[in-house]
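Worksheet: the structure to be examined is printed underneath.
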Amino acid sequence: MIRRSVPTPAQRRTTLAALLAGALAVGILVGASNARGETAGPAPADCPADLVGKADCYTGRDANGAYYALAVPNDWNGSLVVHAHGGPDLGADSDPARSLDDMGRWSVMVKEGYAWAGSSYRRGGYGTRMAAADTESVRRLFVEEFGKPRRTYVHGQSWGGNVAAKVVETYGRETRVYDGALLTNGVLGGGSRGYDYRVDLRVVYQYYCGNHPRPTEPQYPLWQGLRAGSTMTSAGLRARLQECTGYASQPAERTALQQRNLDDILAVTHIPERTLESHLRFATFTFRDIVHERLGDRNPFGNEGVRYSGSHDDAALNAGVERFAPDPTAVRDLSYDSDLTGKVSIPVLTLHAIDDPTAFMEHEAAYRATLKGAGRDGHLVQTFTREHEHSELSDAEYATSIAALDTWVRKGKKPTASSVAASCGGFDETYGTGCFYDPGFRPGPYASRVEPRPGGLDWPAMTAEQERAWSRIDGVGIAP
């Protein structure tokens with residue numbers, strides 16, 4: 001039974017009592033080490049500005065320490081969108097503002113009549129399975145508070161697309177608690193291959209710039225991203241990037257050497273100039289988190305055998321660039337945590353900006369190859385738009401996408417890229433943010449953008465058999 005109205009205080013007290021009593025079951029599901037009694041359940045909160053007067057909003061903190069935000073629209077259609085946020089954020093603890101910020105960013109879902117539930121995750125730092133468990137936890141919290149929705153969809157953008165895809169494979173296959181998934185600008189190549197272009201950036205940058213680290217500073221292998229005890233800040237990294245390439249200056253203000261360094265780095269790595277700094281930041285600080293905090297100083301990355309090209313002197317570059325091979329156990333643990341098997345049994349719709357400068361659209365080719373390799377690509381519809389941003393797309397397109405997914409689930413008729421595009425105009429009459437679909441677009445293979453490592457041409461990167469075998473190894477993966 002679905003409650004469409006906001007519960008009375010008495011109902012809320014009864015529900016919260018049941019929620020507390022059911023703590024053990026939830027804790028087992030998500031690997032909780034805390035008692036449920038440490039939390040008080042959802043409490044009324046101010047909605048983001050776009051939703052004031054249109055929904056009732058709630059916030060809380062779950063047994064694992066993850067902050068979350070919930071919303072029930074005044075005209076609730078009975079269905080729920082569970083959101084997996086991107087990043088990963090690198091703070092030590094859960095960010096109480098993150099889940100409300102995301103609700104505001106994707107307020108279009110609530111405006112379209114869907115209830116919303118989003119977790120800030122129990123901690124910062126890398127951990128795809130942990131984030132998937134926290135996403136499932138907030139779904140359960142919503143159900144305990146407001147009743148079981150008619151239909152439940154999981155949505156993830158950026159790294160959240162990887163998290164949501166992991167939710168689909170982990171919780172959507174047997175329990176059928178999720179009816180469909182919407183993955184937007186997703187990092188769908190997984191962790192063991194999806195960051196290879198940032199590995200390449202890290203070593204190519206150091207070859208040309210030699211200031212990260214400087215020769216006078218303590219040396220460390222570049223696969224670490226940054227040595228464990230470093231006090232470097234994002235501002236300090238930007239200063240070094242500016243020193244070497246003049247990336248923040250107008251071309252006329254750069255020295256000849258800066259311009260050549262910048263041209264070579266961009267040409268070799270295929271990274272857009274406008275996101276060069278953000279990619280280098282990831283290859284510095286997030287790599288440090290993955291290596292030092294999550295994998296016990298083991299190396300999951302490699303570039304042996306990669307032939308770099310596009311510079312003014314490829315022979316010198318390939319002779320001088322730092323090379324390294326990964327630790328097989330580190331690759332296994334990162335793969336188990338974040339790679340996808342393609343074992344999908346519910347409808348999945350993706351939306352990706354063709355000119356996404358952060359999660360290149362070739363991630364979609366990797367995901368299709370993953371599902372095809374598992375014999376499940378019949379569950380997938382991919383759509384592409386001629387947009388240029390990563391973190392936010394047109395509200396009209398988000399509304400179109402969730403409506404197309406909902407219709408697919410309710411009526412069982414699989415949409416096409418053309419049918420999705422054709423339906424966008426009606427939503428744009430409401431939102432006025434534009435429809436930019438390109439129904440005929442198909443991305444090239446992942447290897448057309450990122451030089452593959454040995455064995456890197458076959459998908460899925462982690463088979464279902466590998467996942468089962470690795471799951472039996474004590475301590476495999478990344479700890480929550």
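- Remark: Arg227 fails to qualify as a cation-pi partner of Tyr220 under the 6.0 Å distance and 45° angle criteria applied to the six-membered ring.
- Annotation: the span from Leu393 atom CG to Phe436 atom CZ amounts to 10.0 Å, rounded to 0.5 Å.
- Taking 4.5 Å as the limit, every side-chain heavy atom of Pro460 sits out of range of all side-chain heavy atoms of Leu340.
- Looking only at distances, a side-chain donor or acceptor of Thr370 sits under 3.5 Å from a matching main-chain atom of Ala366.
- Taking the six-membered ring where the residue is Trp, Trp106 and Tyr398 present perpendicular rings, their angle passing 60° and hence far from 30°.
- Results of the side-chain contact (heavy atoms from CB on, under 4.5 Å) test with Val204 over Val268, Leu266, Asn303 single out Val268 as the only residue that passes.
- Ser249 and Gln242 are linked by a side-chain donor-acceptor pair at a separation below 3.5 angstrom, with hydrogens and angles left out of the test.
- Going from atom OG1 of Thr463 over to atom CG of Asp339 covers 10.5 Å, rounded to the nearest 0.5 Å.
- Counting only residues at least two apart or on different chains, no salt bridge (charged side-chain N to carboxylate O under 4.0 Å, His left out) pair has a member in residues 156-165.
- One N or O on the side chain of Arg453 and one on the backbone of Gly302 form a donor-acceptor pair closer than 3.5 Å.
- In this structure, Arg139 forms no cation-pi arrangement with Tyr171, as its terminal cationic atom is not both closer than 6.0 Å to the ring centre and no more than 45° off the ring axis.
- Going from atom OG1 of Thr170 over to atom NZ of Lys343 covers 13.5 Å, rounded to the nearest 0.5 Å.
- For Asp264 (side chain) and Asp313 (main-chain N/O), no donor-acceptor pair under 3.5 Å exists by modelled atom type.
- In this structure the side chain of Asp196 reaches within 4.5 angstrom of the side chain of Arg193, judged on heavy atoms.
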Take Cys209 and Arg240, measure what side chain to side chain contact (heavy atoms under 4.5 Å, CB included) needs, and give me the verdict at the end.
CA-CA 9 Å; Cys209 298; Arg240 295 187 188 213; over 6 Å; no
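- A heavy-atom distance below 4.5 Å is not found between the side chains of Ser401 and Thr184.
- Atoms CZ and NE2, from Arg202 and His279 in turn, are 15.5 Å apart once rounded to the nearest 0.5 Å.
- Taking all atoms of both residues into account, the shortest heavy-atom contact from Ala399 to Val108 is CB-CG2, 4.0 Å.
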| request: Determine, stepwise, if the pair His388 / His390 fulfils side chain to side chain contact (heavy atoms under 4.5 Å, CB included). | output: CA-CA 7 Å; His388 309 282; His390 170 69; over 6 Å; no
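- Between Arg274 and Asp355 there is a salt bridge, since a side-chain N of the basic residue sits under 4.0 Å from a carboxylate O of the acidic one.
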### Message
With side chain to side chain contact (heavy atoms under 4.5 Å, CB included) as the criterion, how do Gln224 and His292 come out once you've worked through the C-alpha distance, each side chain's angles and the decisive distance to 0.1 Å?
### Response
CA-CA 7 Å; Gln224 292 185 359; His292 295 304; 3.5 Å; yes
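- Closest non-hydrogen pair, Tyr446 versus Ala365, comes out as N-CB, 4.1 Å.
- When all heavy atoms of Pro213 and Gln206 are compared, the pair lying nearest together is O-NE2, 2.9 Å.
- Using modelled atom types, one side-chain atom of Asn185 and one backbone atom of Ala353 make a donor-acceptor pair closer than 3.5 Å.
- Proximity of Val168 to Tyr178: side-chain heavy atoms (C-beta onward) are nowhere separated by under 4.5 Å.
- Each of Phe282, Tyr195, Tyr126 was evaluated against Trp159; a single residue qualifies, Tyr126, per the ring-ring contact (aromatic ring centres under 6.0 Å, His included) test.
- Although no hydrogens or angles enter the test, the distance criterion places no donor-acceptor pair under 3.5 Å between the side chain of Glu364 and the main chain of His352.
- In this structure, the side chains of Ser471 and Val476 stay at 4.5 Å or more apart for every pair of heavy atoms.
- Within the model, atoms OG1 of Thr329 and CG of Asp327 stand 3.5 Å from one another, a figure rounded to the nearest 0.5 Å.
- Every pair passing salt bridge (charged side-chain N to carboxylate O under 4.0 Å, His left out) that includes a residue from residues 279-305 is listed here, sequence neighbours excluded: Glu277-Arg281, Asp289-Arg294, Arg298-Asp333.
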Set out, in order, the CA-CA distance, both residues' side-chain angles and the distance that settles side chain to side chain contact (heavy atoms under 4.5 Å, CB included) for Thr416 and Val381, then state yes or no. CA-CA 7 Å; Thr416 65; Val381 172; over 6 Å; no
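- A distance of 6.0 Å or more separates the ring centres of Phe142 and Tyr68.
- Defined by atom type and a distance below 3.5 Å, a donor-acceptor pair is present between the side-chain atoms of Ser311 and Asp314.
- Taking the six-membered ring for Trp and thresholds of 30 and 60 degrees, His83 and Trp116 have nearly parallel ring planes, at less than 30 degrees apart.
- Counting heavy atoms from C-beta on, the side chains of Pro300 and Ile290 come closer than 4.5 Å.
- Closest approach of Val163 and Ala84 over heavy atoms only: CG1-CB, 3.7 Å.
- Leu380 is not listed as a side-chain neighbour of Val344, based on a closest heavy-atom distance of 4.5 Å or more.
- In terms of modelled atom types and a separation under 3.5 Å, the side chain of Ser158 and the main chain of Gly186 share no donor-acceptor contact.
- Proximity of a side-chain donor or acceptor of Asp134 to a complementary backbone N or O of Arg122 within less than 3.5 Å is detected.
- With hydrogens and angles disregarded, a donor-acceptor distance shorter than 3.5 Å links the side chain of Arg323 to the backbone of Val306.
- Side chain to side chain, Thr128 and Asp337 meet the donor-acceptor criterion of an N or O pair below 3.5 Å.
- In this structure a side-chain-to-backbone donor-acceptor pair under 3.5 Å is present from Asn299 to Ala325.
- For Asp89, the side-chain contact (heavy atoms from CB on, under 4.5 Å) partners at least two apart in sequence or on another chain are His85, Arg98.
- Here the side chain of Glu136 pairs no donor or acceptor atom with the backbone of Val167 at under 3.5 angstrom.
- Minimum heavy-atom separation, Gly434 to Cys424: O-SG, 4.5 Å.
- A pairwise comparison of heavy atoms in Cys244 and Tyr205 identifies CB-OH, 4.0 Å as the closest pair.
- If you check the side chains of Asp200 and Tyr308, you find a donor sitting under 3.5 Å from an acceptor.
- No more than 12 heavy-atom neighbours from other residues, nucleotides or ligands sit within 6.0 angstrom of CD on Gln250.
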